[in-house]
Amino acid sequence: MKVLFVILISVILLIVYGSFYPWVFEAKQLPGSPLSILLHSWQMDFHSRKFISDLAINIAIYMPLGMSGYLAFRRFKSTALEIAGPIAIGTLLSACVEMVQLFTPNRECSAVDLMCNILGTVFGVL
């Protein structure tokens, strides 16, 4: 069972690595708190091909987190924990990643990405 937690941690580390590559950050004065900015960032261009591919990529990236989290939490023999644990981890990880992306020059903070990441985690759990 320890192997499953190692896999879960590895998936989390890969998501973090890929989300911040090439690891360039810049200090910025923000107009509000990072959480407030995240919760008010619902820009969507439904007609853009990039928008559709971003949705699919965000869902696909978080599915392994949901799958490995579900398998890792099965050892606790609690259905609620098997389902809620990975979804909570995916939600917190995604929210943190989106807010830190406020300080990267080539990334955007997006509530749409957050929702897609949560959806990907849920699909992975299912």
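Note that this is a predicted model, so its numbers are computed, not measured.
Leu114 contributes atom CG, which lies 5.5 Å from atom CG of Leu38 (distance to the nearest 0.5 angstrom). Atom NZ of residue Lys2 and atom CD1 of residue Ile7 lie 14.5 Å apart, to the nearest 0.5 angstrom. Atom OH in Tyr62 sits 13.0 Å away from atom CG in Leu119 (nearest 0.5 Å). Here the CZ atom belonging to Arg75 is positioned 9.0 Å from the CG atom belonging to Leu4, to the nearest 0.5 angstrom. Atoms CG and NE2, on Leu35 and His40 in that order, are 9.5 Å from each other to the nearest 0.5 Å.
Hydrophobic cluster membership is shared by Phe51 and Met115, with clusters built from Ile, Leu, Val, Met, Phe, Trp and Tyr side chains linked at under 4.5 angstrom. Val24 is not connected to Ile15 by any chain of hydrophobic side-chain contacts under 4.5 Å among Ile, Leu, Val, Met, Phe, Trp and Tyr, and they are in different clusters. Under the 4.5 Å side-chain heavy-atom criterion for Ile, Leu, Val, Met, Phe, Trp and Tyr, Leu14 and Phe5 are members of distinct hydrophobic clusters. Linking ILVMFWY side-chain heavy atoms closer than 4.5 Å, directly or via other members, places Ile61 and Val16 in a single hydrophobic cluster. Linking Ile, Leu, Val, Met, Phe, Trp and Tyr whenever their side-chain heavy atoms come within less than 4.5 Å leaves Leu13 and Met63 in two separate clusters.
For Thr104, the side-chain contact (heavy atoms from CB on, under 4.5 Å) partners are Phe20, Phe25, Gln101, Arg107, not counting sequence neighbours. The side-chain contact (heavy atoms from CB on, under 4.5 Å) test applied to Ser78 returns Ala80, Leu81, not counting sequence neighbours. Tyr21 is linked by a ring-ring contact (aromatic ring centres under 6.0 Å, His included) to Tyr17, counting only residues two or more places apart in sequence or in another chain. Residues satisfying the side chain to side chain donor-acceptor pair (under 3.5 Å) criterion with Lys50, sequence neighbours excluded, are Asp54. Looking at residues two or more places apart in sequence or on another chain, you find no side chain to side chain donor-acceptor pair (under 3.5 Å) involving Thr121.
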N/O donor to acceptor pairs below 3.5 angstrom from side-chain atoms of residues 82-100, sequence neighbours left out:
residue: Thr91; atom: OG1; partner: Ile87; partner atom: O; Å: 2.8
residue: Ser94; atom: OG; partner: Asn117; partner atom: ND2; Å: 2.7
residue: Glu98; atom: OE1; partner: Ser110; partner atom: N; Å: 3.0

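With contacts defined as side-chain heavy-atom distances shorter than 4.5 Å, the pair Asp113/Cys116 does not qualify.
The shortest heavy-atom contact between Pro64 and Val11 is C-CG1, 4.0 Å.
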